[in-house]
Amino acid sequence: MAFTRSTPPTWRKLFFYDIEAGTKVSISAEDGTEIYTFESSKTFSGIVFSCPELEQGKTYIFTAGEESQTVTLDEVNVQ
């Protein structure tokens, strides 16, 4: 699926462990600029994130607590 203005890029991540309630979660641009941040109200093991600021081909940093992971968005949703 190609991205269009009406379908912003979506990032999906499934974890092999639980992210505990109360954990700070953030998605940042590669340069460290925060795009979105929140504190989880419940324990979770996966996330779906979509917003117009995400751009195809760009690299983003997902942080949950002390753990970070970089991901580059491609034409298909990232898992």
**Item:** Gap between atom CD1 of Ile27 and atom CD of Glu53 - 0.5 Å precision
**Value:** 11.0 Å

**Message:** Ignoring hydrogens and geometry beyond distance, is a side-chain donor-acceptor pair present between Thr72 and Thr59 at under 3.5 Å?
**Reply:** yes

**Message:** Can you confirm whether Thr63 sits close enough to Ile61 that some side-chain heavy atom of one is under 4.5 Å from a side-chain heavy atom of the other?
**Reply:** yes

**Close side-chain approach of Cys51 and Ile35, heavy atoms under 4.5 Å** = yes

**Request:** For the residue pair Leu54 and Phe49, establish whether any side-chain heavy-atom pair is separated by less than 4.5 Å.
**Result:** yes

**Fill in**
Rounding to 0.5 Å, atoms CZ (Phe62) and OH (Tyr60) come to a distance of 15.5 Å

**Prompt:** What heavy-atom pair brings Ala21 and Ser41 nearest, and what distance separates the two atoms?
**Reply:** CB-O, 3.7 Å

**Item:** Minimum heavy-atom distance between Gly65 and Thr23, given as atom pair plus value
**Value:** N-CG2, 3.2 Å

**Check ion pair Lys24-Glu34 (N to O, under 4.0 angstrom)** = yes

**Request:** Check Thr43 against Glu20 and note the closest heavy-atom contact, atom names and distance.
**Result:** OG1-OE1, 3.5 Å

**Fill in**
Separation between CG (Asp31) and NZ (Lys58), nearest 0.5 Å, reads 9.0 Å

